[in-house]
Amino acid sequence: MNILETVVLWTLHLAGLLFWPLVLVGVIRRAKALLTCRRGPPILQPVRDIAKLLRKREVLADTTTWVFAVTPWVSFAVVVVVGLMVPLATGRTPLAGRADLILLVYLFALDRFFRTVAAMDTGTAFGGLGASRESFVSTLAEPALVLSLWCVGILTGSLDLGEMVCRFAGLAQLVLSPVYLLVLLPLVLVALAENCRIPFDDPTTHLELTMIHEAMSLEYSGRGLALMEWASMMRVGIWLALIANLFFPAGLADEVLTPHLLVGLASFALRTVVLAVGVALVEVTFARLNFFRIPDLLGLAVASAVLALIRIVTLGR
Amino acid sequence: MSQASQLLELLSYGVLLVAVAIVTHADLRTCIRLFGIQGFFLGFLSILVGWHTGDVHLYWVALTMIVVKGLAIPAYFEHVMRRISVGRGPERAFSTHAGLLVAAGLMLVAYHVSRTVAPATPWLTRDVLASSLATVLMGLWTMINCRKALTQMVGFLVMENGIFLFAITETYGMPLLVELGILFDVMVAAGVTGILLLRISGSFNHIDVNEMTSLKG
Amino acid sequence: MDTWPLLTAERLALVACGVPAAGLLAAVGLYRRLPLAHRLFSACLAAGSLAGAGLGLLGLLADRPLRIAFAGPHPSLPVTLLLDPLAGLFLLLICGLAAHAAWYGREYALHGDPAPSLLLQDLTVAGLIAAMAGVVLSNDVVTFLATWELMTVATFVLVLQEHGRTEARKAAYVLLVASQLGTACIVVALLGLAQQAGSLSFDAFRQLGPLSPALRNTLFALALIGFGTKAGLVPLHVWLPLAHPVAPSHVSALMSGVMIKTAVYGLIRCCFELFRDLDASWGLAILSLATVSAFLGVLFALMEHDLKRLLAYHSIENIGIILMGVGAGLWLEASAVPVLGGYALAAALFHTVNHGLFKALLFMGAGSVICATGHRNLEEMGGLLKRMPRTGLTFFIGAMAICALPPLNGFASEWMVYKTLWALSQAADPWAQPLGALVAAVLATVGGLAAACFAKAFGVAFLGLPRSRRAADAVEVGPDMWVPMASLAAGCALLGLVPGLVLPLLARALPACVNDAAPALTDPGAFLALPVPAGPAPYLSPIAILVAIGLVPLGFHLAWRWLGESFDRPRVYGPWSCGYPGDAPAPATGGGHVAMGRAQYTATAFSQPFAFLFRQFFSRRKLLDVHAKKTEYLPERIVVRIRIRSPFDRWIYGPLRLTVLWLSGRVARIQAGSVQLYLGYMLATLVLLLLVAP
């Protein structure tokens, strides 16, 4: 790869990672509003929110320690690093050959550990509440995530995210296979759970006692809040990109400096927007689950992944 | 050779007979004196072996045997008996007849076993082996049969005598140092028992080991 | 012997034994000034341990193993020692951690009122260290068993340090029973091998031809039970969470950090050297037991609010992760893929080292907290990071490491375990691949639960507001205590970032049958990266991740400046807390009412969802005591007690205990307590033997 190619790749990837998720979240919100017969905020409203919050002075609670102060930075940085490992518009990533499924899982865990600990740092009732629930949901999502991606790994013969995406896209006949659906279902559920969307959590809730994710960032303000929100939007973007590239790989560009790239970019934008509208559709059709029913849904995800595994082992593809 | 062997046999029978007498005899003081006599027998026996083998150290063994087991320990036990004013009856667990029957059975066992063991030295006829083994068993039986701690000590010493008898005829005795060590152990055991008995009777007014059952957890 | 630097090794051994001995003499001389004597002896012990660690390093690096034989108690029972790389690795770990623990104990053991038996405790610690070193060095059955038993006895004495407490006495009793049962199994297994080999030396075992399958499997099962008991493998783990927390903290660090590793050492020797041609299914068995251990260990840890017992349960979890590597390694080795088997074993050894580091660090952190607050219950701590910044930071690093968060050492070794599970698809068994996937899923869940558990432990103990007066008044511990912790924390970071420091050493320590994996581990390109099982390419570089994570805020900063924006310093103000005013920050001292942060989420509340979800795994009973004067509708005080009983107690050990008690009651009838009766038994035995023997 020459220097120009590298520069183009990094620029496009960083732009797609840092700014496209803001648009996607705007799309979700707008679509939700339209689906419930409201007008809703403009699609670029998240960008304005983040820009405004970034300029605001931060207020730190005097009960907190350095843990609370560094967490927005750690969370933001970790999510950016994860984003650099996940293919977006092309099969190539800036951190190609360094992006392992296990690393992905544990980097997300690192991000989450800091956020839960920071939530407990405030010494308020709601911080601990959010931390506990977030740990619970994400722990239960862990086996489904690893198992379903491990199945993809068995099919593609690699645990490297870039290779998984490229080779999985090559298995064209897979679209008709039940394995495909059995792997897709847990990944979608895990994506919804990890990003605190309905039916696991309601991102728009204003009742503190029912919050999961929001309860953890209650004490943040100004730049800290901006970074936390931005990171969580990037997580949405990463998950949507992962699902879009694994299961709807049409138009995925495999090289950077080709005319194919423009097709790839357009197709990536289209596919993620469609998925974002799909998320909005799920959010307006389903109600939020009772907290203690969440394990049932994630258990379904695990069961589905196990079925996929058994099928792969017994029947091959 | 045969005369000495016969004499040895005779003395070993003496030892065994005294042991049987201790098992059956009712009187505690007599038991202690009988034990002294056993010590004398063993002393003579070592002299006999020493004279025959020309081993000088056995004379010393004999001397200490007679002094310690024949005189000192019985005297000390009688002293303890007087101090704690224990009744003269040894208070057997079984009746005299039953005790005698068991003793006979044990002697049978000893003789039976001795038939299967090959004698190691020309001196050691099967009779000597049998009587030494029987003496050990008699000592153990005395310990089981008697209720008083003092009699149990006597039984223990009889057992030790049986082992000594076996050792001296099997290997012409152990090295002097070992012999003296064992004797010292026996003395210490006897001394400790005596002191302990004085303490026990001082605290509880009896030396009946059956009362120890109440200590069980 | 030409390449072995004999003189140096001898000198090191001399220092390792001599300095503590001299220290002991000096300490006995100074016994009237107990604190001084204790500090002196502990320092000597630390120095001796360092020398022992040096000896271990020498053994690891030497070309040929060093053999030493002493005259034993009997001409046919010589004391033979073997310092080969594997023994050297464990010796390095044991003595290295022992040096830290001894130095930490210098101050820790003096907190509160040091008991007059302090020197005895120190002596026992020295005995424990010596016994552990002896276990890994011994090369014959008798030496091994003698040091193994010495280790048990020393642990027993150390657990009984606070013998005034019922908890400690019970723990010591359970420890003794479990250890003796385990040892009995090991004795039978080793003597069985000895009978086949016709010698008590391990060297003879190594040359032993193939055994009959039935005998081999029986003996290996016994060895697995024996070592599994010491390692705390579920369901043989019951003694561990009882015994580890009640010992003094630096001893807990040693017990959890290295003592249970001697069992891993024994198991590795058995699996890869002493028993040849084991079935592949033994690998499966160990892997399954290890998976269950890891899962249940972390689950019970999550339910635990006693800080030290929580850490003890995490030892069960981590032993599970280590044995996952051992089991997978055995499986792959038996499937004739020794390269992958060696990689798996290297992953296990790496995690052994790492767990030693961070578990010792965490136990020392717990000890410091206990020193400062006098509490072991998480609910009585809180807000300690402000009051004990050094302890808090090192504990945080240890917590991150044990949760396997990148880029620390726990992640490095767990990543290798994952790669091992991925490599299971190479095993001959067609079910190995899906099993590897399932175990990976369980391991990921274990990771999530561990992260939740340490978010709870760290968050409740160190963050937020103090939850008790003693926590509010806590002060930082002295340098004698935080310096060893800082050193261990640095070790955790270093081994995570530069795995090349330790992986070549692990490659040397691999047993002969699997050392084909060494090239992948010693690849010079892998100095800053984690290797993959097959193929030379270094793959994952934790330090690169750290740099990348660090570069992001830097880039953000530069971009922000470039945009012409400025950074305001944050304003410090009271927490918002959704407008709820109840938790004003507590003034550290001063009279009057101190707000203790009673509205904070408690540790119990934090783990409640997990308790609800996994309620089948333990019987959890909530007892509600309402204290009211007039009517229960106006309670003055409500006390909630939660009792958790492990299913093993309930379903295995409870019935077992009842059966044993019933049998003992039956057998006790022959125990009348009468001397005559006992003598009668002796007579009967004697007569029986006389009649039977010829």
Side-chain angles (χ1 to χ4, degrees), chain A residues 55 57-63 65 67 69 73-74 76-78 80-81 84 98 100 102-103 105-107 109-110 112-113 116-117 120-129 131-133 135-136 138-139 142-143 145-147 150-151 153-154 159 208 218-219 291-292 295 302 306 309-310 313, chain C residues 383 385-386 400 403-406 411 415 418 422 425 430 433-434 437 440-442 444-445 447-449 451-452 455 458-460 463-465 539-541 544-545 548-550 552-553 556 565 568 570-578 580 583 585 597 599-601 605-606 608-610 612-613:
Chain A
R55 290 203 194 86
R57 188 177 181 190
E58 195 173 2
V59 181
L60 288 180
D62 53 8
T63 51
T65 59
V67 174
W73 294 101
V74 173
F76 184 79
V78 167
V80 168
V81 171
L84 292 176
R98 298 276 184 275
D100 188 49
I102 312 302
L103 181 61
V105 172
Y106 278 87
L107 279 178
L110 175 67
R112 190 167 55 241
F113 183 76
T116 46
V117 169
M120 301 191 76
D121 196 13
T122 58
T124 65
F126 302 109
L129 183 150
S132 164
R133 293 177 181 174
S135 310
F136 183 65
S138 54
T139 301
E142 212 88 59
L145 167 64
V146 168
L147 208 51
W150 199 281
C151 287
I154 291 176
L159 284 183
E208 297 91 346
L218 271 180
E219 295 295 330
F291 185 66
F292 286 110
V302 176
V306 171
L309 180 70
I310 291 173
V313 173
Chain C
L385 185 58
K386 284 196 166 169
M400 276 178 67
C403 295
L405 297 178
F411 172 72
W415 187 85
Y418 274 108
W422 176 249
S425 56
Q433 191 178 31
V442 175
T445 318
L449 289 171
F458 185 76
V460 172
L463 301 177
L465 297 171
Y539 187 75
L540 184 78
S541 170
I545 300 168
I549 291 176
V552 174
F556 189 92
E565 301 286 345
D568 296 331
R571 200 155 59 99
V572 176
Y573 200 72
W576 175 47
S577 188
C578 296
Y580 175 68
D583 279 330
Q600 292 177 98
Y601 234 45
F606 190 96
Q608 198 270 339
F610 296 98
F612 177 78
L613 178 63

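Labels below follow one simple rule: chain letters A, B, ... track the order of the sequence lines, proteins then strands, and each chain is numbered from 1.
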Exercise. Measure the spacing between CZ of A/Phe136 and CG of C/Leu449 and express it to the nearest 0.5 Å.
Key: 10.0 Å
Practice problem: Name the member of A/Pro295, A/Ala61, A/Ser132 that forms the most heavy-atom pairs with chain C at distances under 4.5 Å. | Solution: A/Ser132
Practice problem: Indicate the ring-plane relationship of A/Trp150 and C/Tyr418, choosing parallel, tilted or perpendicular according to the 30° and 60° boundaries. | Solution: tilted
Quiz item: At what distance, to the nearest 0.5 angstrom, does CG of A/Leu60 lie from OH of C/Tyr573?
Solution: 14.0 Å
Quiz item: Which residue out of A/Cys151, A/Gly153, A/Gly127, A/Ser138 racks up the most heavy-atom pairs below 4.5 Å with chain C?
Solution: A/Gly153
Quiz item: Any idea which of C/Pro609, C/Cys403, C/Ala440, C/Ala548 has the most non-hydrogen atom pairs under 4.5 angstrom with chain A?
Solution: C/Pro609
Quiz item: Which bit of A/Leu309 is near chain C, if near means a heavy-atom gap under 4.5 Å: side chain, backbone, both or neither?
Solution: side chain
Self-check item: Nearest non-hydrogen partners of A/Ala77 and C/Ile549, listed with the distance
Solution: CB-O, 3.3 Å
Exercise. Please round to the nearest 0.5 Å and tell me the distance separating atom OH of C/Tyr601 and atom OG1 of A/Thr124.
Key: 11.5 Å
Exercise. Return the option, out of A/Ile310, A/Asp100, A/Leu147, A/Val67, with the maximum number of heavy-atom pairs under 4.5 Å with chain C.
Key: A/Asp100
Practice problem: To the nearest 0.5 angstrom, please state how far the CD atom of C/Gln600 sits from the OG1 atom of A/Thr122. | Solution: 8.0 Å
Quiz item: Checking side-chain contact (heavy atoms from CB on, under 4.5 Å) for the pair C/Ile545/A/Leu107: CA distance, chi angles, key distance, verdict?
Solution: CA-CA 9 Å; C/Ile545 300 168; A/Leu107 279 178; 4.0 Å; yes
Quiz prompt | Closest heavy-atom pair and its distance - A/Val313, C/Pro430 | solution = CG1-O, 4.2 Å
Quiz prompt | Top contributor to chain C interface from A/Leu129, A/Val302, A/Leu145 [non-hydrogen pairs under 4.5 Å] | solution = A/Leu129
Exercise. Could you check which of C/Pro434, C/Gly447, C/Gly550 has the highest count of heavy-atom pairs closer than 4.5 Å to chain A?
Key: C/Pro434
Quiz prompt | Residue pair C/Ala404 / A/Tyr106: nearest heavy atoms and the distance that separates them | solution = O-CD2, 3.0 Å
Practice problem: Search all heavy atoms of C/Gly574 against all heavy atoms of A/Asp62 and return the closest pair with its distance. | Solution: CA-OD1, 3.6 Å
Exercise. Can you measure from CZ (A/Arg55) to CD (C/Glu565) and round to the nearest 0.5 angstrom?
Key: 4.5 Å
Quiz item: Checking side-chain contact (heavy atoms from CB on, under 4.5 Å) for the pair A/Leu110/C/Phe411: CA distance, chi angles, key distance, verdict?
Solution: CA-CA 10 Å; A/Leu110 175 67; C/Phe411 172 72; over 6 Å; no
Quiz item: Hey, what do you get for OG (A/Ser135) to CZ (C/Phe606), rounding to the nearest 0.5 Å?
Solution: 3.5 Å
Quiz item: In terms of heavy-atom proximity below 4.5 Å to chain A, should C/Ala605 be classed as side chain, backbone, both, or neither?
Solution: backbone
Self-check item: side-chain contact (heavy atoms from CB on, under 4.5 Å) assessment of A/Val80 paired with C/Phe556
Solution: CA-CA 11 Å; A/Val80 168; C/Phe556 189 92; over 6 Å; no
Quiz item: Relative to chain A, which segment of C/Phe612 carries a heavy atom at a distance below 4.5 Å: side chain, backbone, both, or neither?
Solution: side chain
Quiz item: Between A/Ile102, A/Thr116, A/Leu84, which residue shows the highest count of heavy-atom pairs closer than 4.5 Å to chain C?
Solution: A/Ile102
Quiz item: Given the options A/Arg112, A/Arg57, A/Arg133, which has more heavy-atom pairs under 4.5 Å with chain C than any of the others?
Solution: A/Arg57
Quiz item: Considering only heavy atoms, which portion of C/Val460 lies under 4.5 Å from any heavy atom of chain A: side chain, backbone, both, or neither?
Solution: both
